[in-house]
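Input: a single structure, listed below in structure tokens.
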Amino acid sequence: MTLAETPNYKNSSNPFLTLNYESALESLGDDYYDEVAAAEFPQHILRWRNDELLPRFGLDPQVVKDEDFIAAFGQFQGRKPLLALRYHGYQFGEYNGQLGDGRGFLYGQVRANDGKLYDFGTKGSGRTPYSRGGDGMLTLKGGVREVLAAEALHYLGVRTSRCLSMIETGLPLWRGDEPSPTRSSVMVRMSSSHIRFGTFERLHYFQRPDLTKKLLDHVIEQYYRHLNAEEDKYALFYAELVKRVAELVAQWMAAGFCHGVLNTDNMSITGESFDYGPYGFIPTYEPYFIAAYFDYSGRYCYGNQPSICQLNLQILQEPLKAIIDKGEMEVALARFDEYYQAEYSSLMLKKLGFGELVHLQAQELLNLTIEFLKVSQVGYHQFFYEMVRTFSSKWRDEPAFVMNGSDIVPVPGASAIFDDWCILYHQILNDLERERTDIISQTLAVNNPKTVLLRPVIESTWESIAQEDNWQPFYELIKAIQSRR
């Protein structure tokens, strides 16, 4: 990873400044945003550039220089207007009408090679009208954590935003009870949209159904284009959003990921995962795992994520009922569990090696897996990786060969469950053609990477940065994530 530092950079040939930016959201008018100015920073050190994303916008990573990233996404040259979006939201069950982009803005919207419109949005770019007394900044550790989360989730098959760049800015930031300041950063996130459930909730709060319909038309036109010509496009939009969100939370659950703060302002109208703060990957299968230290009641714990997302979809019906029949939305929402279970079962069976398993005992195998993980408290990710490491055609010969040589040691009370699991896995293997053995091995490997962002891994990576300014472990961790090692 090449680092670049520059006090000033101006070059009209900067490829980021010559992209064909569209004014899709800006054209809706200033009922939805405020124009803001970016903060000025004393230093600009490029710590992360996501070269994987550049070809999607017709950019050659070999041509785009570090200084181009800094000029565009650290000094914010050549782009106006910068838009802080307005929204409200239910935070831990309580309505908050004092929200909005408090430390970020919409930098621009660009249509990629796939024909879809994407947002470039900042985090840590300074105060806005919605900063509520905050400094509008992002800690360097917060930036590091979000880069890691977005890449890890992407490679786990989760529908997620990704980080385009992260720049260290040289500002000392004071946070909480820390006796000394921490380092700062500004990040640019690429997402399908920054429009949130809370964007619609704000319009309902101000009793503006006209603006709600205008925004909904915009959402369908840009992000649900296949519905635009349908007579009942509004009801179909909500039905598809339900499906997208149900599938998204199933992806989190299979990945062992806890978002931590599923307020309605953190729910994307496109059903995409974004805004990673106090997230966590579960070390063991623990439904009550809490990612956010301030989630004292466990409202957003790992096991509650499906029901919370379903509740947030139900709450969204309130602003949308000015446009969409409430009964039709209720019918659509009633299918949430169906969508969730189908996606979750499919993903978990892939983790067990069965990409397209149609078997009478498939659900029984999945149930036994969850029961064993819950009772034994062996490492959630370790269990599946041990399947990758020890899988062999010999598993077809005897149940005793299944997971033979693994580091999984069932605790008392879980041994019988594990034995039943091995017998059932052996049986299913023998019900399948022997030729599928290699496919099962490949499916296991693809769906169960060795590298997982457990808290000790993240903290160790951060300590190298904080104590020694050593970024090599960070880059090596990303490389391991991307190569699925």
Side-chain contact, heavy-atom cut-off 4.5 Å: Ile370 with Met348? yes
How long is the straight-line distance from OH of Tyr118 back to CD of Glu22, given to the nearest 0.5 Å? 13.0 Å
Would you say the side-chain atoms of Arg183 and Gln43 include a donor-acceptor pair closer than 3.5 Å? no
Do you know the tightest heavy-atom contact between Tyr276 and Ser161? CE1-OG, 4.2 Å
Does His381 reach the main-chain N or O of Ile282 with its side chain, forming a donor-acceptor pair under 3.5 Å? yes
Applying side-chain hydrogen bond (donor to acceptor under 3.5 Å, both in side chains) as the test, list every pair that has at least one member in residues 201-213; sequence neighbours left out. Glu201-Thr264, Arg208-Asp210, Lys213-Asp217, Lys213-Tyr234
Which of parallel (below 30°), tilted (30 to 60°) and perpendicular (above 60°) describes Phe69 and Phe16? perpendicular
So Lys123 and Val188, side chain to side chain contact (heavy atoms under 4.5 Å, CB included) or not? Walk me through it. CA-CA 6 Å; Lys123 190 173 184 178; Val188 171; over 6 Å; no
Evaluation steps, side chain to side chain contact (heavy atoms under 4.5 Å, CB included), between Ile269 and Phe200: CA-CA 9 Å; Ile269 205 66; Phe200 286 90; 3.7 Å; yes
Asp325 side chain vs Glu328 backbone, donor-acceptor pair below 3.5 Å: yes
Short side-chain donor-acceptor distance under 3.5 Å, Lys351 and Asn447: no
Backbone N/O of Ser464 and side chain of Asn470: donor-acceptor pair under 3.5 Å: no
Test Asn96 against Leu99 for side chain to side chain contact (heavy atoms under 4.5 Å, CB included), laying out the working first. CA-CA 7 Å; Asn96 189 339; Leu99 299 177; 3.6 Å; yes
Honestly, is Arg79 close enough over Tyr21, meaning NZ or CZ under 6.0 Å from the six-membered ring centre and within 45° of the axis? yes
Answer whether the closest heavy-atom distance between the side chains of Gln91 and Glu94 falls below 4.5 Å. no
Can you tell me which residue pairs pass the side-chain hydrogen bond (donor to acceptor under 3.5 Å, both in side chains) test with a partner in residues 126-137, sequence neighbours excluded? Asp34-Tyr130, Arg86-Tyr130, Asp135-Arg175
Lys326 side chain near Gln317 side chain, heavy-atom distance below 4.5 Å: yes
With sequence neighbours excluded, give me every salt bridge (Lys or Arg N to Asp or Glu O under 4.0 Å) pair touching residues 184-195. Glu146-Arg189, Arg189-Asp275
Whether the Thr169 and Ser184 side chains hold a donor-acceptor pair (N or O, under 3.5 Å, no angle test) is what I'd like checked. yes
Salt bridge between Arg159 and Glu272, side-chain N to carboxylate O under 4.0 Å? no
Atom pair CG (Leu106) and OG (Ser193), whose distance is rounded to the nearest 0.5 Å: 8.5 Å
Checking the side chain of Lys214 only, and the main-chain atoms of Leu28 only, is there a donor and an acceptor separated by less than 3.5 Å? yes
Spell out, as yes or no, whether a donor-acceptor pair under 3.5 Å connects the side chain of Asp265 to the backbone of Gly100. no
Output, in order, the C-alpha distance, side-chain angles, deciding distance and verdict of side chain to side chain contact (heavy atoms under 4.5 Å, CB included) for Leu241 and Leu316. CA-CA 11 Å; Leu241 177 61; Leu316 182 62; 3.6 Å; yes
Restricting to non-hydrogen atoms, name the atom on Cys163 and the atom on Trp48 that form the minimum distance, rounded to 0.1 Å. O-NE1, 3.3 Å
Do Phe281 and Tyr302 touch side chain to side chain, with heavy atoms closer than 4.5 Å? no
Aromatic Tyr87 / basic Arg196 pairing, under 6.0 angstrom, 45° off normal: yes
Please work out which of the three classes, parallel, tilted or perpendicular, describes the rings of Phe73 and Tyr107, given edges at 30° and 60°. perpendicular
Answer with yes or no after comparing the ring centroid distance for His88 and Phe206 against a 6.0 Å cut-off, counting only values under it. yes
Test your reading of the model: is there a side-chain donor-acceptor pair from Asp295 to the backbone of Arg299, 3.5 Å cut-off? yes
Check step by step if salt bridge (charged side-chain N to carboxylate O under 4.0 Å, His left out) holds for Lys479 and Glu476. CA-CA 5 Å; Lys479 187 180 294 184; Glu476 289 176 355; over 6 Å; no
Between Ser346 (side chain only) and Ala342 (backbone N and O only), is there a donor and an acceptor less than 3.5 Å apart? no
Restricting to non-hydrogen atoms, name the atom on Pro15 and the atom on Val64 that form the minimum distance, rounded to 0.1 Å. CG-CG2, 3.7 Å
Could you tell me the separation between the CZ atom of Phe197 and the CD1 atom of Ile315, rounded to the nearest 0.5 Å? 10.0 Å
To the nearest 0.5 Å, what is the distance between CD1 (Ile195) and CG (Leu85)? 7.5 Å
Taking Lys116's backbone N and O only, do any of them form a donor-acceptor pair with Asp114's side chain (distance below 3.5 Å, no angle check)? yes
So do Leu311 and Tyr90 actually touch side chain to side chain, heavy atoms under 4.5 Å? no
Side chains of Thr270 and Ser192, donor plus acceptor under 3.5 Å: yes
Cationic tip of Arg145 within the cone over Tyr279's six-membered ring, i.e. under 6.0 Å and within 45° of the normal? yes
Taking the six-membered ring of Tyr285 as reference, does the NZ or CZ atom of Lys374 fall below 6.0 Å from its centre and within a 45° cone about the axis? no
Do you know which two heavy atoms are closest between Pro209 and Ile323, and how far apart they sit? O-CD1, 4.0 Å
Carefully, step by step, assess Phe76 and Phe105 under the rule ring pair (Phe, Tyr, Trp, His ring centres under 6.0 Å). CA-CA 11 Å; Phe76 303 105; Phe105 50 71; 5.3 Å; yes
Mark yes when over 12 heavy atoms from residues, nucleotides or ligands other than Phe294 sit less than 6.0 Å from its CZ; otherwise mark no. yes
Measure across Gly124 and Phe41 and return the closest heavy-atom pair with its distance rounded to 0.1 Å. O-CZ, 3.6 Å
Test item: side-chain donor near acceptor, Tyr300 and His259, under 3.5 Å: no
Examine the side chains of Gln62 and Asp51 and answer whether a donor and an acceptor come within less than 3.5 Å of each other. no
Kindly indicate, with the supporting measurements, whether the criterion salt bridge (charged side-chain N to carboxylate O under 4.0 Å, His left out) is fulfilled by Glu343 and Arg244. CA-CA 10 Å; Glu343 180 76 357; Arg244 290 189 188 188; over 6 Å; no
Just say parallel, tilted or perpendicular for the rings of Tyr380 and Phe384, cut-offs at 30° and 60°. perpendicular
Looking at Cys301, is its backbone amide N or carbonyl O close enough to the side chain of Asn304 to form a donor-acceptor pair, meaning the two atoms are under 3.5 Å apart? no
I'd like to know if the side chain of Gln310 pairs up with that of Tyr340 as donor and acceptor (distance under 3.5 Å, no hydrogens or angles considered). no
Can you find a side-chain donor-acceptor pair between Trp252 and Ser273 that sits under 3.5 Å? yes
Return the minimal non-hydrogen interatomic distance between Leu453 and Leu148, and the atom names on each side. CD1-O, 3.3 Å
Tell me whether Asn263 contacts the main-chain N or O of Phe92 through its side chain, where contact means a donor paired with an acceptor under 3.5 Å. yes
For the residue pair His194 / Gln109, report whether a side-chain donor-acceptor contact shorter than 3.5 Å exists. no
